[in-house]
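All residue numbers in this chain count up from 1 along the given sequence. Worth knowing before you read on, the calculation uses all heavy atoms, side chains too, and leaves out hydrogens, waters and symmetry mates. A quick note: this is a predicted structure, and the numbers were derived from the prediction, not measured.
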Amino acid sequence: MTQHLAAPSTGTSDAAAGHPTGWWQDAVIYQVYPRSFADGNGDGMGDLAGVRGRLPYLKELGVDAVWLSPFYASPQADAGYDVADYRAIDPMFGSLLDADALIRDAHDLGLRIIVDLVPNHSSDQHEWFKRALAEGPGSALRDRYHFRPGKGDDGELPPNDWESIFGGPAWTRTTDPDGTPGEWYLHLFAPEQPDFNWEHPAVADEFRSILRFWLDMGVDGFRVDVAHGLVKAAGLPDLGTHDQLKLLGNDVMPFFDQDGVHEIYRSWRTILDEYPGDRIAVAEAWTPTVERTANYVRPDEMHQAFNFQYLATAWDATALREVIDTSLDAMRPVGAPTTWVLSNHDVTRHATRFANPAGLGTQIRTPGDRELGLRRARAATMLMLALPGSAYVYQGEELGLPDVTDLPDEARQDPSFFRADGQDGFRDGCRVPIPWTREGSSYGFGAGGSWLPQPAGWGELSVEAQTGAAGSTLELYRAAIAARRAHPGLGAGTDVRWLDAPEGLLAFARPGFVCTVNTTGAPVRVPAPGTLLLSSAPVETDGDTVELPADTTVWWTV
């Protein structure tokens, strides 16, 4: 058991709603995708030793916590989101000793560690599932998953019409020990990821034990993968439609966002509250509305939930104001902080999304206008960091990295790329290892190359190239996070006060602070609301007025 960080909280509280003051209320949390962050042993794959060696960089960046994507023992059918053993580290990432050392070093630096938890499904190599297959129909272990007989005269059709998020049916037929076709099992993602049956008490008991294992290791919290998916509607009813991916985020599905998930998270909250140091749970919950997302962060459930509605919003003043208001309004009654996020390991980086026309979704195959995308991305980041609540930063966005949109097919590893009618399958573009140095093997990622090819010229976007460089994106992030920490009007809170602004502009006030945003493609002259604090692009003031360049955010003290 490692030591645990016990730094004083800096957030505000909403005692009436039952939420205590906690560090998560205004935290800036940095997502590390371990295989693409830093390679400590030179095998071309990032690992925990690599992350540990780069912790001082994250401390200097100014973030409060580090969220690690899965590093558990896994066949890697879906980049570690197919877990074979929740209490073991996959050898490609290191060992439990490496995890312990990473947690200790992070705490020594004042950083908190959040780990990914994958409770919706396991790997098909999990011991439970392997035994369920080997023992055949009637095995008690099959009740811990969703095994069903097929439809049709010979059971040759899937039990229902559900479709996998990765494409194709959400069911795979098994072969019985005697070699004959057998039952089907449910997998909302890849066939190598069978869904747990959370109606079975052994599943709930196992995950309570897993929580305690990692809490005893000293982790500060969990990001809960597919938090909306654990409970399925009784009877597993047909949806009665195809192209079900188009319905995601618009309707409550029989396999997503069922009300029964909340009982699970209330039981988890009691465990988290037993441990010192404000341990937290963060929901990855894709829901039809922000209001339904708020259900996951009621005072007796989780602490935060990702705001995917904000991530998917176009660079448009009207749309941004609407989603900001809706997000704050939804979280205020439950006393939870609103979260803001622009990029992660599953979507095209926002420097590339904003380089393309609006309306193309969150997975984009074209590079777009690189200069425009970076300018908007810098402005969008400053807007995000000015809003009340907690912000998430995905590794490499502080370097202004674009998505790599021209990876050759033979290099791709996203499982949905190889399945028809699924997601676009281009998530590899945001997972290319990040550059640390101008030159050298894999631009400083590691001594043995890189598991995904990095573009030529990547070195000029590296940490080395941008450190100390005036106007660089890295220095903008460092300055913005430092200013956010230092200014008493930034960070935690529940409200913004909107100010009058011309069409295409946003302006809002917080205590002692004003943020102005120009989302248009042309400069606009407006009254200067105060003293310039920081801007995403150079601005010129002329007495009482300021010319806001196109696609620029400016912070002011008042």
Side-chain angles (χ1 to χ4, degrees), residues 74-79 81-83 118-126 128-130 132-133 136-137 139 141-177 179-200 203 225-226 228-258 261 286 346 361 363 412-427:
S74 166
Q76 303 296 318
D78 184 22
Y81 282 94
D82 50 317
V83 181
V118 188
N120 179 71
H121 48 262
S122 74
S123 165
D124 62 353
Q125 298 305 302
H126 191 285
W128 285 1
F129 193 77
K130 290 196 299 181
L133 289 182
S139 168
L141 286 167
R142 292 197 172 199
D143 293 337
R144 301 180 185 187
Y145 294 91
H146 294 278
F147 281 85
R148 296 289 189 278
K151 293 181 178 179
D153 293 340
D154 298 311
E156 72 277 9
L157 300 175
N160 69 19
D161 64 0
W162 294 359
E163 296 171 0
S164 165
I165 305 304
F166 287 167
W171 296 89
T172 289
R173 196 172 193 184
T174 65
T175 299
D176 285 341
T180 60
E183 296 178 317
W184 298 71
Y185 69 88
L186 176 68
H187 53 85
L188 292 179
F189 295 88
E192 297 87 354
Q193 296 169 289
D195 279 44
F196 284 117
N197 174 17
W198 273 86
E199 301 297 327
H200 196 291
V203 176
D225 183 62
V226 196
H228 54 299
L230 277 56
V231 172
K232 279 65 175 177
L236 309 185
D238 283 336
L239 258 170
T241 182
H242 294 289
D243 295 326
Q244 294 169 14
L245 288 180
K246 296 178 181 179
L247 301 177
L248 295 181
N250 298 312
D251 298 285
V252 176
M253 312 289 275
F255 47 77
F256 279 163
D257 197 30
Q258 294 291 302
V261 298
W286 290 87
D346 280 334
Q363 285 193 353
R412 295 192 178 276
Q413 300 194 31
D414 184 346
S416 63
F417 181 75
F418 303 100
R419 291 173 63 82
D421 302 322
Q423 294 177 324
D424 290 337
F426 284 81
R427 295 179 298 173

message: Checking Asp82 now: which residues fulfil side-chain hydrogen bond (donor to acceptor under 3.5 Å, both in side chains) with it, not counting sequence neighbours?
response: Ser74
Residues that His146 engages under ring-ring contact (aromatic ring centres under 6.0 Å, His included), provided they are two or more places apart: none
message: Quick check for you: to the nearest 0.5 Å, what is the distance between Asp124 atom CG and Thr174 atom OG1?
response: 12.5 Å
query: Considering the options Trp128, Phe196, Phe129, which one meets the ring pair (Phe, Tyr, Trp, His ring centres under 6.0 Å) requirement together with Tyr185?
result: Phe129
task: Starting at CG of Leu230, measure out to CG of Asn197 and round the result to the nearest 0.5 Å.
output: 10.5 Å
query: Do the side chains of Pro254 and Trp162 get nearer than 4.5 Å, heavy atoms only?
result: yes
message: Checking the side chain of His121 only, and the main-chain atoms of Tyr81 only, is there a donor and an acceptor separated by less than 3.5 Å?
response: yes
Report, one line per pair, each donor and acceptor closer than 3.5 Å where one atom sits in a side chain of residues 151-159; sequence neighbours left out.
| residue | atom | partner | partner atom | Å |
| --- | --- | --- | --- | --- |
| Lys151 | NZ | Pro159 | O | 3.3 |
| Lys151 | NZ | Asp238 | OD2 | 3.4 |
| Glu156 | OE1 | Asp154 | N | 2.8 |

Spacing of CD belonging to Gln193 relative to CG belonging to Asn120, to within rounding of 0.5 Å: 9.0 Å
Gap separating the OH atom of Tyr145 from the CH2 atom of Trp198, nearest 0.5 angstrom: 12.0 Å
message: So does Phe255 get a backbone contact from the side chain of Gln258, meaning a donor-acceptor N/O pair under 3.5 Å?
response: no
- prompt: Between the main-chain N or O of Pro169 and the side-chain N or O of Ser164, is there a donor-acceptor pair closer than 3.5 Å?
  reply: no
